[in-house]
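Per chain, numbering begins at 1; letters A, B, ... match sequence-line order.
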Amino acid sequence: MRSHLTQLLEQSLQRLSDAGALRLPEDLAINVERTRDSAHGDLASNIALLLAKTAGMKPRDLAQRIADHLPASAQVRKVEIAGPGFINFFLTERSGQAVIETIHAAGERFGCSDLGKGKKILIEFVSVNPTGPLHVGHGRGAAYGAAVANLLDACGYTVTREYYVNDAGRQMDILALSVWLRYLELNGTPVSFPGNAYQGDYIREIAAGLRARVGADLLPDAPDLPAEVTAIADPEERLDALIEFAKQSLGASAYRTIHATALAEILRDIRTELESMNIRFDNWYSEQSLFDSGKVDDCIERLRQGGELYLENGADWFRATKYGDEKDRVVVRENGQKTYFASDIAYHHDKLARGFDRAINVWGADHHGYIPRVKGALQALGEDPERLEILLVQFAVLYRGSEKVQMSTRSGNYVTLRDLCAEVGKDAARFFYVTRRSEQHLDFDLELAKSQSNDNPVYYIQYAHARICSVLEQLRARNLEYRPERALTNLSLLSAAPELALLRTLPKYPEVVSAAAASREPHQLAFYLRDLATEFHGYYNSHQFLIEDVSLREARLALIVAIRQVIRNGLAILGVSAPEQM
RNA sequence: GCCCUGGUAGCUCAGUAGGAUAGAGCGUUCGCCUCCUAAGCGGAAGGUCACAGGUUCAACUCCUGUCCAGGGCACCA
């Protein structure tokens, strides 16, 4: 509808321009928006206000001339000039009713569009280090990324969802060591478990599973840890020495067993948890595979050939400042180890090389300083950095009562996503995470979030859906007739205030989906659904649906069935279920 | 110090490419179930849109500065 009116305005302006009454600017952008107040019609344009100056006319006079030159449209009932020079469009009743037919015909596809024209988008999100279970903070990026992916899907993009698995590097070694030490404990070896290793109980569980599988095969030759290692004062150095000791005394193969077991167990846990929240990935992309395939070395070599690297203090530095970063960044350390950044370069280069038109990353806001170097590296490799889009999600700072909950995976002190879902339900959790703009800081009290679970807006929306299902259930129970095809011929009977309001609200849905996808803001959809549910509940309370008058009854049922469809479609995008009973 | 985000009702937050009287939920308060689920509805109260300038016919929205809050500034991941 908006594009239809935009076209009408374009034609009118063209006529004025052809008649020499107006010179149009090159970058003419016609804005038509839904009005907030129905006294201003259904849609309005401010085009006359924007063009008044260049046209040398008073805004209202120009608006009148534009209105006079508008082509006739079957959809438009009346055009008014109002306020400082707005052109207000009043649509025919018929055009409002048409949305119900459209919804009935499109079903679960209502709201979908082909704006994306099948363009391939890779969206990477969550990508939490596989060193422990997901916690509440990770849930936000998960729910947000999944919703953005679904929105893009609905808008006709070909979406691939990917989880980048950081399965290489020191953190994984610390994880393997942690599991091994717990395993030693279970086998009766006295161990003073380092404070900076992973503390969580899940480490013990993995160790127990390992012991059940391999028995005592992974014990070191000597019963005690060597004194020269345990004596190291610096905790981080001692940890590294312990890792080295584990590798030495176990041998590469046995060490790999522990490493692989720990990784597999934790990934399984993460995947299970995400799937229980309705979040699925097409790819789990291994960081280690980038090293194994030589892609990391290839990228480093290409950068070196291109003169993008230089050697200083024994390390290889990437000239990030050349691309706007604050300082140059190390790619290969003095000790020969590649940094996380090195594999990140290869990863992002590979994303674009895989043929995606666009790669979207959902990152925690704490990574924002990382953006210039990654984009810089892509540019240095000859790629267009604009193809990489980074969406930042602000931290969720948790409070338990008035006390801030400190979260650190290594200390094992955190609230898991699983705990949260168990308390408030996965639907509430998913909805809750996306009801705020992602750039907005999220401070919330866990106790409050849990205790308010019944007040969570998600139940309000789901309840509207369940109520409609219930009405249809009653319809069957009472043996009343409802023939959708006949109902569609009686839509003109919908004339009560809430009905007319709903006929204005429903057509907005596809526009909301498109706008939310374009701006990567699923909260727009969440708010829309809440508003729609509010209108429905008001309608429900003031009007009966299962009435004697067959024609009106059917028209009303057609309307609420359409509402149900839109709620269902919208909740599906947000990953929330639409129960038929509550 | 530099760089990101925010600062809108008592609280938590919306405010759609600047637009016509600033919205919602919770909380407070007054009402509504012989009636399709009261997990609901209706009414009332509640605002110098952090502050000061500027651009504009029009600024919560854009620009500059100030104040406040959170985060980031590693040869860590």
Of the candidates B/rA77, B/rA14, B/rC75, the side chain of A/Q440 sits closest to B/rA14

Worksheet item: Given the P atoms of B/rA20 and B/rA59, what is the spacing between them in whole Å?
Response: 11 Å

Quick note, A/E326 side chain, CB onward, closest among B/rG72, B/rG40, B/rU37 is B/rG72

Which of B/rA20, B/rU37, B/rC76 is nearest the side chain of A/T339? It is B/rC76

_So for A/D366 and B/rG71, does any side-chain atom that can act as donor or acceptor lie under 3.5 Å from a complementary atom in the base?_
no

Rounded to whole Å, OH of A/Y540 lies from C1' of B/rA39 at a distance of 12 Å

From the candidates B/rC36, B/rA20, B/rG15, the one with an atom nearest any side-chain atom of A/T35 is B/rA20

message: Suppose you measure atom P in B/rC49 against the same atom in B/rG23; what distance do you get, rounded to whole Å?
response: 14 Å

Separation of the C1' atoms in B/rA9 and B/rA44, to the nearest angstrom | 14 Å

Per atom distances to the A/Q544 side chain, the nearest of B/rC35, B/rU12, B/rU5 is B/rC35

Separation of B/rG25 atom P from A/H537 atom NE2, nearest Å, is 12 Å

Aromatic A/Y540 / basic A/R467 pairing, under 6.0 angstrom, 45° off normal: yes

Separation of B/rG25 atom P from A/F431 atom CZ, nearest Å, is 13 Å

**Sugar-phosphate only, base, or nothing, as touched by A/N335 at under 4.0 Å among non-hydrogen atoms** = nothing

From the candidates B/rU56, B/rC36, B/rC13, the one with an atom nearest any side-chain atom of A/K53 is B/rU56

Given the 90°-from-0 boundary between syn and anti, B/rC35 should be labelled anti

- Check every strand shown and say whether A/D531 touches a base, only sugar-phosphate, or nothing at a heavy-atom separation below 4.0 Å. nothing

From the list A/D328, A/L303, A/V331, side-chain contact (heavy atoms from CB on, under 4.5 Å) partner of A/E308 resolves to A/L303

Note to self: Measuring only the P atom in each nucleotide, how far is B/rC4 from B/rG40? A whole number of Å is fine.
What the structure shows: 43 Å

Looking at A/Y347 versus A/Y164, is the centre-to-centre ring distance below 6.0 Å? yes

The side chain to side chain donor-acceptor pair (under 3.5 Å) partner of A/N361 among A/E389, A/H348, A/E162 is A/H348

Sorted by position of nearest nucleotide on RNA chain B, 5' first, the leading residue of A/P84 and A/N313 is A/P84

Before accepting this row, confirm whether a basic side-chain N of the pair A/D325/A/R329 lies closer than 4.0 Å to the acidic partner's carboxylate O. yes

- Using a 4.0 Å heavy-atom cut-off across all strands, classify A/A52 as base, sugar-phosphate, or nothing. nothing

Taking B/rA24, B/rA74, B/rA39 as options, the one with an atom nearest any side-chain atom of A/Y463 is B/rA39

### Task
Could you tell me whether A/H523 contacts a base, only the sugar-phosphate backbone, or nothing, with contacts defined as non-hydrogen atoms closer than 4.0 Å?
sugar-phosphate

TODO: Please state whether the rings of A/H523 and A/F527 are parallel, tilted or perpendicular, taking 30° and 60° as the class boundaries.
DONE: perpendicular

Take atom P in B/rA45 and the same atom in B/rA22, then report the distance between them in whole Å. 14 Å

Which is true for A/F545 with a 4.0 Å heavy-atom rule: it touches a base, it touches only sugar-phosphate, or it touches nothing?
base

Hey, is A/F86 doing a stacking thing with B/rA20, by the 5.5 Å centroid and 30° angle criteria? yes

Atom CD of A/Q394 and atom C1' of B/rG72 are separated, to the nearest Å, by 10 Å

Assign A/A464 to base, sugar-phosphate, or nothing according to its heavy-atom contacts below 4.0 angstrom with the strands shown. nothing

Look at the side-chain N and O atoms of A/R36 and state whether any lies under 4.0 Å from the OP1 or OP2 oxygen of B/rA24. no

Quick note, A/R467 side chain, CB onward, closest among B/rC75, B/rG40, B/rA39 is B/rG40

Partner of A/M172 under side-chain contact (heavy atoms from CB on, under 4.5 Å), picked from A/V165, A/L263, A/N166, A/L177, is A/L263

Looking at A/N88 and B/rA20, is any side-chain donor or acceptor paired with a base atom of the opposite kind under 3.5 Å? yes

C1' atoms of B/rC62 and B/rG46, separation to the nearest Å
30 Å

State whether the aromatic ring of A/H40 stacks on the base of B/rA20, taking stacking to mean ring centres under 5.5 Å apart and ring planes under 30° to each other. yes

